[in-house]
Amino acid sequence: MVSIIGVGCTPFAETLKNPETEGLTEGELFGYAALKAMEDAGVSPKDVEFYFHGCASPMGSSNYMTPNMQVAEWFGMRGKASAHHSEASCTGYLALDLAMQSVASGKYDIVLTGGIDFGDALAKQGIPSCFRHSVSFEEFQRSTEWLIDNAYTRHLMGNCGHDNTGRWYQNYAGLTTDELDKALCMCAIVNRENAALNPLSIDHVTYQEEAKAAGYDDVMEYMQSDNNPKLSEIQRISGLEHKCDGAAALILCATDLAEKFTKNKPIEILGVGNSTLESSNPVLEVQATQEAARQVYNVSGVKPEEIDLLYVNDFVISSQLISAEMSGYIPDKQAWKYIMDGRTRYDGDRPINPNGGRTAFGHAHAASGLADFYDAALQMRGKAGAHQINKIPKTAFLRGYGGGQNLCNVIIRTKD
């Protein structure tokens with residue numbers, strides 16, 4: 001067995017908008033998360049035998065072809081072997097999978113795996129990467145072309161199945177257009193409420209506070225107004241990622257060696273399920289989530305009713321609805337009701353994304369999945385602070401999705 005024994009995460013932020021963080025390099029940000037993970041695990045750089053470096057968009061975020069080689073000195077790993085990988089927004093989940101495999105194979109006893117992205121601060125070509133500029137929406141749109149084969153598949157809002165996923169759920173659950181809209185708005189409201197309690201999140205103002213400041217007594221009326229416009233048939237601004245900068249890292253080791261390094265209870269990786277479908281599939285997220293869930297339950301032997309906590313890569317917020325049901329965490333066709341009733345809040349009986357999710361904790365692409373594991377570890381130790389869920393969870397299910405194609409589901413459990 002392989003376990004997570006250390007976790008580290010930076011605050012998720014727009015670094016260019018704060019004089020204390022403007023000019024931060026990739027090495028500084030990645031190194032901060034890596035050193036925090038080592039400290040948490042009770043290990044030093046000399047104990048770590050290999051490290052993985054994940055970045056969703058290395059040529060935009062770091063301006064290096066081999067970013068793993070550029071950061072080693074920031075966390076004491078000069079001369080250590082490493083590898084770089086990139087799987088868009090699923091990078092952080094596959095970062096765990098790759099590290100787990102390297103330990104499970106017996107090749108290494110202890111490894112570090114980390115992810116970093118400057119989602120809001122692009123490097124300028126030809127000059128040091130500490131000199132960055134804020135990414136415009138036009139630049140962001142152009143970067144989405146890297147996700148797909150433009151000769152054969154469709155562009156964003158179609159290829160990633162954003163509206164298609166929401167429409168699929170609407171038809172599946174038998175919802176009216178207004179019921180679906182309210183459910184998606186409530187997902188965003190809950191994410192903000194959770195994030196407001198999390199010191200590492202980028203958003204700390206709730207939608208209730210925004211609504212009141214705009215003169216609304218009813219937060220849902222505010223969310224369905226022109227203050228929160230639709231960008232497509234289904235998606236409102238509130239339901240899309242808050243792109244930002246950040247890094248996160250984990251230390252993994254063989255479970256039977258964990259006590260040698262850490263006083264924390266090891267968090268065992270019980271199973272991983274993966275699925276990749278072509279972007280031309282209009283409901284690829286739906287089908288890939290189903291397949292990856294089937295795999296992870298099959299390999300782990302865990303039953304859906306054993307899951308205490310769910311994390312979802314919800315850079316498009318309709319992902320919460322399908323993931324909650326396809327993981328078996330919430331009964332079929334009931335996720336929208338649980339959300340509307342407040343049951344998925346951090347203090348509800350079926351919490352989802354108590355850290356605030358991609359729309360409110362922030363989305364630093366490659367770092368985001370690892371930030372979910374960071375928060376899950378805190379929750380499972382009972383050390384998440386103000387956003388600690390009511391019942392300390394033993395078993396968590398994490399669903400990653402990115403690049404319009406990659407999907408990875410992971411089940412972790414606190415070792416007895």
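Small disclaimer: the values here were computed from a predicted structure and weren't measured. Side-chain atoms are counted along with the backbone in the values below, which use heavy atoms only and exclude waters and symmetry mates.
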Separation of Thr344 OG1 from Ile339 CD1 (nearest 0.5 Å): 5.0 Å
Going from CG on Leu184 to OH on Tyr169, what distance comes out if it is rounded to the nearest 0.5 angstrom? 10.0 Å
Would one find more than 12 heavy atoms of other residues, nucleotides or ligands at under 6.0 Å from atom CD of Gln101? yes
Checking salt bridge (charged side-chain N to carboxylate O under 4.0 Å, His left out) for the pair Arg381/Asp40: CA distance, chi angles, key distance, verdict? CA-CA 12 Å; Arg381 297 173 184 172; Asp40 185 52; 2.8 Å; yes
In the structure I gave you, are the side-chain heavy atoms of Thr262 and Val43 within less than 4.5 Å of one another anywhere? no
With heavy-atom distances below 4.5 Å as the criterion, would you say the side chains of Thr25 and Trp74 are in contact? yes
Check whether any side-chain heavy atom of Thr289 lies under 4.5 Å from a side-chain heavy atom of Tyr401, and answer yes or no. no
Could you point out which residue of Asp372, Asp375, Asn353 forms a side chain to side chain donor-acceptor pair (under 3.5 Å) with Tyr311? Asp375
Where Gly6 and Ala41 come nearest, the two heavy atoms and their spacing: CA-CB, 3.7 Å
Return the NE2 to OG distance between His387 and Ser201, rounded to the nearest 0.5 Å. 8.5 Å
Do side-chain atoms of Asn198 reach the backbone of Leu200 as a donor and acceptor pair under 3.5 angstrom? yes
Strictly distance-based, threshold 3.5 Å: is any side-chain N or O of Tyr51 a donor or acceptor partner for the main-chain N or O of Asn68? yes
For Glu305, does the CD atom have more than 12 heavy-atom neighbours from other residues, nucleotides or ligands under 6.0 Å away? yes
When you measure from the side chain of Glu26 to the backbone of Val71, do you find a donor-acceptor pair of N or O atoms at a distance under 3.5 Å? no
Can Asp117 and Lys243 be counted as an ion pair, charged N to O under 4.0 angstrom? no
Looking at Met1, I want to see if its CE is surrounded by more than 12 non-hydrogen atoms of other residues, nucleotides or ligands under 6.0 Å. yes
Backbone N/O of Gly400 and side chain of Asn313: donor-acceptor pair under 3.5 Å: no
Minimum heavy-atom distance Leu250-Leu252, with the two atoms named: CB-CD1, 3.8 Å
Rounded to the nearest 0.5 Å, how far apart are NE2 of His365 and OG1 of Thr91? 10.0 Å
Should the pair Lys333 and Tyr172 be classed as cation-pi, given the thresholds of under 6.0 Å to the six-membered ring centre and 45° from the axis? yes
Please check: side-chain N/O of Asn406 versus main-chain N/O of Cys90, any donor-acceptor pairing under 3.5 Å? no
Working to the nearest 0.5 angstrom, can you tell me the gap between Asn409 CG and Arg294 CZ? 11.5 Å
Side chains of Asp120 and Leu16: closer than 4.5 Å at any heavy-atom pair? no
Tightest non-hydrogen contact, residues Pro393 and Asp308, listed as CB-CB, 3.6 Å
Please determine whether a side-chain nitrogen of the Lys or Arg among Glu285 and Arg399 lies less than 4.0 Å from a carboxylate oxygen of the Asp or Glu. yes
Search all heavy atoms of Gly54 against all heavy atoms of Ala366 and return the closest pair with its distance. O-CB, 3.6 Å
If every non-hydrogen atom of Leu257 is compared with every non-hydrogen atom of Cys253, which pair is closest and at what distance? C-SG, 4.3 Å
N/O donor-acceptor pair under 3.5 Å between Asp314 side chain and Gln320 backbone: no
Has Asn194 got a side-chain atom pairing as donor or acceptor with Asn355's backbone, closer than 3.5 angstrom? no
Check the pair Val410 / Met100 against side-chain contact (heavy atoms from CB on, under 4.5 Å), numbers first and verdict last. CA-CA 11 Å; Val410 182; Met100 180 196 70; over 6 Å; no
Listed once per pair and sorted, the side-chain hydrogen bond (donor to acceptor under 3.5 Å, both in side chains) pairs that draw on residues 247-261, sequence neighbours left out: Ser3-Thr255
Please verify the inter-ring angle class for Phe315 with His363; under 30° counts as parallel, over 60° as perpendicular, anything in between as tilted. parallel
Within residues 406-416 or reaching into it, pairs that qualify as salt bridge (Lys or Arg N to Asp or Glu O under 4.0 Å) - sequence neighbours excluded: Glu306-Arg413, Lys394-Asp416
Can you tell me how far apart OG (Ser82) and CZ (Phe50) are? Round to the nearest 0.5 Å. 6.0 Å
With sequence neighbours left out, the residues meeting side-chain hydrogen bond (donor to acceptor under 3.5 Å, both in side chains) with Gln295 are Glu291
Flag for Gln70-His53: side-chain donor and acceptor within less than 3.5 Å: no
Report yes or no: does Thr10 contribute a side-chain atom to a donor-acceptor pair with the main-chain N or O of Ala247 at less than 3.5 Å? yes
Evaluate Arg343 against Asp341 for salt bridge (charged side-chain N to carboxylate O under 4.0 Å, His left out), listing each step before the verdict. CA-CA 6 Å; Arg343 298 177 66 178; Asp341 292 341; 5.5 Å; no
So, do Phe118 and Ser134 sit near enough that their side-chain heavy atoms are less than 4.5 Å apart? no
Side chain to side chain contact (heavy atoms under 4.5 Å, CB included) partners for Pro45, two or more places apart: Met38, Met77
Answer yes or no for Arg192 and Tyr207: cation-pi contact, defined as NZ/CZ to six-membered ring centre under 6.0 Å and angle to ring axis within 45°. yes
Name each donor-acceptor pair under 3.5 Å that joins a side chain in residues 265-275 to protein atoms two or more places apart or in another chain, with its distance.
residue, atom, partner, partner atom, Å
Asn274, ND2, Asp97, OD2, 3.1

Ile189 and Met220, any side-chain heavy atoms less than 4.5 Å apart: yes
Does Gln235 use its side chain to pair, donor to acceptor, with the backbone of Val316 at less than 3.5 Å? no
Any heavy-atom pair between the side chains of Ser368 and Phe12 that's under 4.5 Å? yes
Do Glu14 and His242 pair up side chain to side chain, a donor and an acceptor below 3.5 Å, judged on atom types alone? yes
Hits for side-chain hydrogen bond (donor to acceptor under 3.5 Å, both in side chains) against Asn298, two or more places apart or cross-chain, chain-then-number order -> none
Glu325 and Ala335 have their tightest heavy-atom pair at OE2-N, 3.0 Å
How about Lys230: does its NZ atom have over 12 heavy atoms from other parts shown lying under 6.0 Å from it? yes
Check: Leu310 and Ile330 side chains under 4.5 Å, non-hydrogen atoms: no
